[in-house]
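Index from 1, following the sequence.
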Amino acid sequence: MSSVNTFHYALSSNNAWAGYKAHQNPQFFPKLAGGQSPEILWIGCSDSRCPETTILGMQPGDVFVHRNIANIISPTDINTTAVIEYAVAHLKVKHVVLCGHSACGGAAAALPDTRVGGVLDTWLLPLKTVRFNHAEELDAITDEKERTIRLAQLNVEAGIKVLMNNATIREAIAERGLEVHGVFFDIGCGRIKELGCGTAHAGKGDHVVRGKHGQLVFGQDGEAEIAAAQ
């Protein structure tokens, strides 16, 4: 399928989807047009294989989203900071979820001591720093695929530390119990696993992130499961 045909197919698919949703629930789009009140801020990677609403089993209106290459959280990135401030201070989300994933091209690019070129080298610098800070652990992993996965997980842990020091997030944690989750999406099986970093996992049992049409349950073992909304 050519790129032009792919675009027109996407438009046709949208038309079919909109018709189906409207037939299924005539109030779906009018309700969406009336405003948003998502409970989740999802910060993830731009990778086309990680569409948050799809992998969470949720619907438009359930998740406020920010994505970038390799889900990097930099305290000097005004784009990320603006999204966090709006979602946390104005939309009053209840959960901030930072998600890394397997087969991450950004993590793979940050592993060797070579340049990617252009602005990508600047963007990947925080990830390179994570790599250098954990060089001994990463160099001990002989399998390149597993080394890339581990770097992607360490990147989430580093990002969570930045999030936990964000002033807007800190205020929301103290004032209304905002929860912060660090998770990892395995593209090979489609499942999300909590990495044990953030606020909402230490000895408190299962944690439920609710959307209007489904919910994401984080178990004490770190596994996340999709369930019907209650």
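Taking 4.5 Å as the limit, some side-chain heavy atom of L56 sits within range of a side-chain heavy atom of I192. At least one side-chain heavy atom of F132 sits less than 4.5 Å from a side-chain heavy atom of D113. Residues H95 and V63 are not in side-chain contact: their nearest non-hydrogen atoms beyond the backbone lie 4.5 Å or more apart. Here the side chains of I187 and C50 are in contact, with some heavy-atom distance below 4.5 Å. Considering only heavy atoms from C-beta on, F185 stays 4.5 Å or farther from D47 through its side chain.
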- Applying side-chain contact (heavy atoms from CB on, under 4.5 Å), run through I43 and I84 and close with a yes or a no. CA-CA 9 Å; I43 305 175; I84 292 170; 4.2 Å; yes
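Annotation: the span from Q36 atom CD to D62 atom CG amounts to 11.0 Å, rounded to 0.5 Å. Here the straight-line distance linking atom CD of Q153 with atom NZ of K193 works out to 9.5 Å at 0.5 Å rounding. Atom-to-atom distance recorded for Q59:CD and T53:OG1 is 8.5 Å, nearest 0.5 angstrom. Expressed to the nearest 0.5 Å, how far NE2 of H66 lies from CG of N71 amounts to 10.0 Å.
Applying the salt bridge (Lys or Arg N to Asp or Glu O under 4.0 Å) test to pairs two or more places apart or on separate chains, those with a residue in residues 67-77 are E52-R67. Listed by first and then second residue, the salt bridge (Lys or Arg N to Asp or Glu O under 4.0 Å) pairs involving residues 93-105 are E39-K94 (not counting sequence neighbours). Applying the salt bridge (Lys or Arg N to Asp or Glu O under 4.0 Å) test to residues at least two apart or on different chains, the pairs with a partner in residues 151-161 are R150-E157. Residue pairs meeting the salt bridge (Lys or Arg N to Asp or Glu O under 4.0 Å) criterion with at least one member in residues 11-26, sequence neighbours excluded, do not occur.
Linking Ile, Leu, Val, Met, Phe, Trp and Tyr whenever their side-chain heavy atoms come within less than 4.5 Å leaves I149 and L138 in two separate clusters. L41 and L163 fall within a single hydrophobic cluster, where Ile, Leu, Val, Met, Phe, Trp and Tyr are joined by side-chain heavy atoms under 4.5 Å apart, directly or via other members. Two different hydrophobic clusters hold V183 and L154 under the rule that ILVMFWY side chains link at heavy-atom gaps under 4.5 Å. Residue M164 is grouped with residue L98 when hydrophobic side chains (ILVMFWY) are merged at heavy-atom distances under 4.5 angstrom, including chains of intermediate members.
Every residue meeting the side-chain hydrogen bond (donor to acceptor under 3.5 Å, both in side chains) condition with T76, not counting sequence neighbours, appears here in chain and number order: S74. Legend: residues meeting side-chain hydrogen bond (donor to acceptor under 3.5 Å, both in side chains) with R115, ordered by chain and number and at least two apart, are D121. With sequence neighbours left out, D186 forms a salt bridge (Lys or Arg N to Asp or Glu O under 4.0 Å) with no residue at all. Partners of N68 under the side-chain hydrogen bond (donor to acceptor under 3.5 Å, both in side chains) rule, at least two apart in sequence or in another chain, do not exist in this structure. Residues forming a ring-ring contact (aromatic ring centres under 6.0 Å, His included) with Y86 (at least two apart in sequence, or on another chain): F64, H90. Contacts of Q27 classified as side-chain contact (heavy atoms from CB on, under 4.5 Å), with partners at least two apart in sequence or in another chain: N25, P30. The side-chain hydrogen bond (donor to acceptor under 3.5 Å, both in side chains) check on N166 picks up nothing, with sequence neighbours excluded.
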Side-chain donor-acceptor contacts of residues 123-130 below 3.5 Å, not counting sequence neighbours, with atom names and distances?
{"unit_1": "W123", "atom_1": "NE1", "unit_2": "I69", "atom_2": "O", "d": "2.8"}
{"unit_1": "K128", "atom_1": "NZ", "unit_2": "P112", "atom_2": "O", "d": "2.3"}
{"unit_1": "K128", "atom_1": "NZ", "unit_2": "T114", "atom_2": "O", "d": "3.4"}
{"unit_1": "T129", "atom_1": "OG1", "unit_2": "L125", "atom_2": "O", "d": "2.9"}

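I78 CD1: 12 or fewer foreign heavy atoms inside a 6.0 Å radius. The environment of Q24 atom CD is dense: over 12 non-hydrogen atoms of other residues, nucleotides or ligands sit within 6.0 angstrom.
Between P38 and L91, the closest heavy-atom pair is CG-CD1, 4.0 Å. The shortest heavy-atom contact between S102 and F184 is N-CZ, 3.3 Å. V116 and A109 get closest at one heavy-atom pair: CG2-CB, 3.9 Å. Minimum interatomic distance between V88 and R176 (heavy atoms only, all atoms of both residues): O-NH2, 2.8 Å. Scanning both residues, C197 and V156, for their nearest heavy atoms gives SG-CG1, 4.5 Å. In terms of heavy atoms, L151 sits closest to A107 at CD2-O, 3.4 Å.
Between the N155 side chain and the G100 main chain, no donor and acceptor come within less than 3.5 Å of each other. Here the side chain of R147 pairs no donor or acceptor atom with the backbone of L111 at under 3.5 angstrom. Here the side chain of T199 pairs a donor or acceptor atom with the backbone of V180 at under 3.5 angstrom.
Salt-bridge check for D143 with K145: failed, with every basic side-chain N at 4.0 Å or more from each acidic carboxylate O.
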